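Notes follow the structure.
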Amino acid sequence: MRVPPEPSSLMEIPMNLFDKDGRLDLSRRLFLRSTGGGLLGSGLGLIGPAFAQGGGGSMPGLPPSRPTGRPFPEMEQETPVEPGRRLGWAVVGLGKFALNQILPSFGESRCSKLVALVSGNRQKAEQVASRYGVDTRDLYDYQTFDRIADNPEVDVVYVILPNALHAEYTVRAFKAGKHVFCEKPMAVTVEECETMISAGREAGRKLMVAYRAQFEPHNVEAIRKVRDGEIGALRLVTSDHGRILDPKDPADQWRMVKSLAGGGSRYDIGIYSLQAARYLTGEEPVEAFGQIANTKDDPRFREVEDRVAFQLRFPSGAVANLSSSYSTASVKRIQAFGEKGSIILDPATEYEGNKLALQTEKGRQEVKVKVKEQSQFAAEMDHFSQSVMNNHDPKTPGEEGLRDILIMQAIYQSACEGRPVSMEATGSTR
Ligand code: NDP
């Protein structure tokens with residue numbers, strides 16, 4: 001059962017990043033480590049040459065193949081675990097996504113329960129705690145966060161902070177002896193991802209990146225159809241994710257600040273297009289080519305990129321044509337084209353209401369997908385709780401997040417250099 005947010009809307013408690021003069025006020029930044037990658041220059045408007053075979057720059061080798069998408073046991077718990085045995089979760093950052101999607105999803109969870117909250121806003125934390133039955137003794141702020149180590153009720157820390165804070169809170173949570181479930185993108189730089197993975201290993205704790213689309217029934221069914229050969233050999237994937245970045249929305253204000261967001265549309269929503277290409281092909285790209293475009297003089301894109309068009313080439317010969325945008329009307333579409341037909345997911349990555357169609361020589365047919373009572377959010381959280389309980393590797397571990405950031409960085413590099421960047425082929429993992 002999903003518990004809807006209060007009508008008084010907890011989101012109305014503003015966390016405005018602008019000062020009284022309309023300048024970005026970064027005094028609330030807690031962790032502004034240099035983003036390292038630094039390939040995106042302010043106002044960069046590179047339009048590169050057509051995606052060409054070979055002749056590209058190179059990037060360091062990718063980590064070992066990820067487990068994502070390999071034949072995966074249906075671990076989702078159908079029978080709820082009794083409340084006393086459910087894993088206790090602490091949610092860090094009570095923003096738009098946490099308040100409107102994640103906290104209500106604990107009501108549908110079968111083996112995870114909300115036991116603690118971490119927020120910089122005590123008043124908001126107390127309101128949320130009272131709504132979800134969290135004891136006020138289990139409220140933390142960013143300074144007292146490390147005391148979570150002394151709270152035996154907390155098994156898992158769920159990091160839902162601006163992207164550049166993911167690494168710090170993941171590492172601190174591991175130091176506190178907790179398992180970590182981290183929002184996408186995993187972090188801003190490859191180095192941060194590697195630090196997070198090592199911290200988990202050292203602590204003997206698990207790390208999973210919240211790639212909800214891999215738990216969304218229409219996407220899962222699309223992957224199954226491709227694997228079962230229903231559209232023949234897969235040749236091409238296209239995916240577009242776009243929306244209007246709104247400077248008036250507090251949740252979009254940090255997204256305009258490179259030191260908090262890491263990058264623009266690609267880190268935020270382009271990651272869905274990238275993920276789609278990877279989970280549909282079941283392969284890792286061997287070559288990436290990117291083009292970045294910003295609308296001149298648009299203040300939203302002083303620090304982060306607006307539109308990105310990027311192409312990937314896979315070892316099988318399949319190619320992907322992908323995009324992300326912060327200045328076009330909402331689009332969340334994925335298509336897979338094979339020798340015998342195609343699959344259309346449109347919308348593909350909404351929180352609910354996604355649609356799947358199959359196009360073959362017989363015509364186009366809407367595919368009715370059985371949607372479980374559980375949301376994709378409850379499903380991914382329960383999956384992680386079960387991975388911890390049963391000591392299994394989660395479906396989307398840190399290595400999966402790292403791989404996306406590596407590819408992202410290759411796309412930046414390609415856009416800056418105006419030529420394709422080749423990556424070491426690691427072959428199919430599925
Ligand atoms: P919000 O701005 O709404 O929430 C972020 C929260 O982080 C804030 O409300 C605040 O919570 C806390 N925070 C701590 N320090 C800062 C800071 N310096 N600046 C701003 N906020 C700070 O963003 P979203 O909820 O939209 O996104 C949060 C994360 O979730 C991102 O990584 C995003 O990519 C991911 N996300 C994932 C989605 C998915 O579908 N998987 C969808 C949307 C977002 P408090 O006031 O409690 O301290």
Side-chain angles (χ1 to χ4, degrees), residues 5 9-18 24-33 90-103 105 116-129 139-145 158-170 181-188 192 208-216 219 241 243 245-272 275 304 324 332 347-352 354 375-377 379-381 396 401 404-405:
S9 179
L10 294 158
M11 284 313 300
E12 281 167 19
I13 298 168
M15 213 238 40
N16 205 324
L17 279 176
F18 290 95
L24 282 170
D25 170 11
L26 301 182
S27 56
R28 281 210 53 190
R29 289 183 311 177
L30 301 158
F31 174 80
L32 296 180
R33 191 195 290 180
V91 167
V92 189
L94 303 179
K96 193 173 183 175
F97 185 60
L99 294 177
N100 295 314
Q101 306 305 329
I102 298 306
L103 298 185
S105 295
L117 300 168
V118 183
S119 172
N121 182 326
R122 179 74 193 189
Q123 191 197 355
K124 175 169 60 174
E126 284 178 5
Q127 280 184 42
V128 176
L139 301 185
Y140 302 85
D141 61 28
Y142 302 110
Q143 285 70 44
T144 59
F145 173 76
Y158 186 172
V159 178
I160 320 185
L161 294 167
N163 308 339
L165 303 172
H166 291 181
E168 177 186 353
Y169 284 88
T170 295
F181 192 76
C182 180
E183 258 315 319
K184 49 56 58 179
M186 178 173 169
V188 168
E192 283 178 347
M208 174 165 159
V209 181
Y211 284 126
R212 63 180 172 83
Q214 295 203 34
F215 293 84
E216 196 283 322
N219 284 266
H241 284 84
R243 70 179 182 87
L245 191 72
D246 178 6
K248 292 193 286 309
D249 182 347
D252 274 356
Q253 288 165 2
W254 63 261
R255 284 177 163 90
M256 295 184 290
V257 181
K258 190 177 177 198
S259 55
L260 284 171
S265 69
R266 196 166 35 76
Y267 265 124
D268 189 27
I269 49 180
I271 202 158
Y272 294 109
Q275 274 271 305
V304 300
S324 64
K332 297 172 179 177
T349 53
E350 290 284 5
Y351 296 153
E352 46 197 286
N354 292 314
S375 68
Q376 54 193 302
F377 313 110
E380 63 177 354
M381 291 194 290
T396 54
D404 278 343
I405 301 301

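Just so you know, these numbers come straight off a predicted model, no measurement behind them. All ligand and atom numbering here is 1-based and tracks the order in the structure.
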Evaluate Lys332 against Glu350 for salt bridge (Lys or Arg N to Asp or Glu O under 4.0 Å), listing each step before the verdict.
CA-CA 7 Å; Lys332 297 172 179 177; Glu350 290 284 5; 3.1 Å; yes
So do Tyr140 and Val92 actually touch side chain to side chain, heavy atoms under 4.5 Å?
no
I'd like to know whether ligand 1 has [X] as a neighbour, heavy-atom separation below 4.0 Å.
X      : result
Tyr211 : no
Tyr169 : no
His166 : yes

Those atoms of ligand 1 less than 4.0 Å from some heavy atom in [X]:
X      : answer
Leu161 : 7 (O), 12 (C), 13 (N), 14 (C), 28 (C), 29 (C), 31 (C), 32 (O)
Lys184 : 32 (O), 33 (C), 34 (O), 35 (C), 37 (C), 41 (N)
Tyr142 : 11 (O), 12 (C), 13 (N), 14 (C), 45 (P), 47 (O), 48 (O)

Quick test of your reading of the structure: of [options], whose heavy atom lies closest to [atom]?
atom                    : options                        : value
atom 32 (O) of ligand 1 : Ile160, Asn163, Asn100         : Asn163
atom 1 (P) of ligand 1  : Phe97, Tyr158, Trp254          : Trp254
atom 44 (C) of ligand 1 : Arg212, Lys124, Arg255, Glu183 : Arg255
atom 9 (O) of ligand 1  : Gly93, Pro250, Gly95, Ala98    : Gly95

Report yes or no: does Asn219 contribute a side-chain atom to a donor-acceptor pair with the main-chain N or O of Thr349 at less than 3.5 Å?
no
So, Glu380 side chain and Arg212 main chain: donor-acceptor pair closer than 3.5 Å or not?
yes
Parallel, tilted or perpendicular for Tyr169 and Phe145, by the 30°/60° rule?
perpendicular
Below 3.5 angstrom, do we get any N/O pair linking [X] and ligand 1?
X      : answer
Asn121 : no
Pro185 : no
Ala251 : no

Can you tell me which portion of Tyr267 lies within the under-4.0 Å heavy-atom range of ligand 1? Options are side chain, backbone, both, or neither.
neither
Is the closest side-chain donor-acceptor distance between [X] and [Y] under 3.5 Å?
X      : Y      : result
Asn100 : Tyr351 : no
Asp141 : Thr144 : yes
Tyr158 : Glu183 : yes

One thing to verify: whether Arg243 and Asp268 come together as a salt bridge, which I'm taking to mean a side-chain N less than 4.0 angstrom from a carboxylate O.
yes
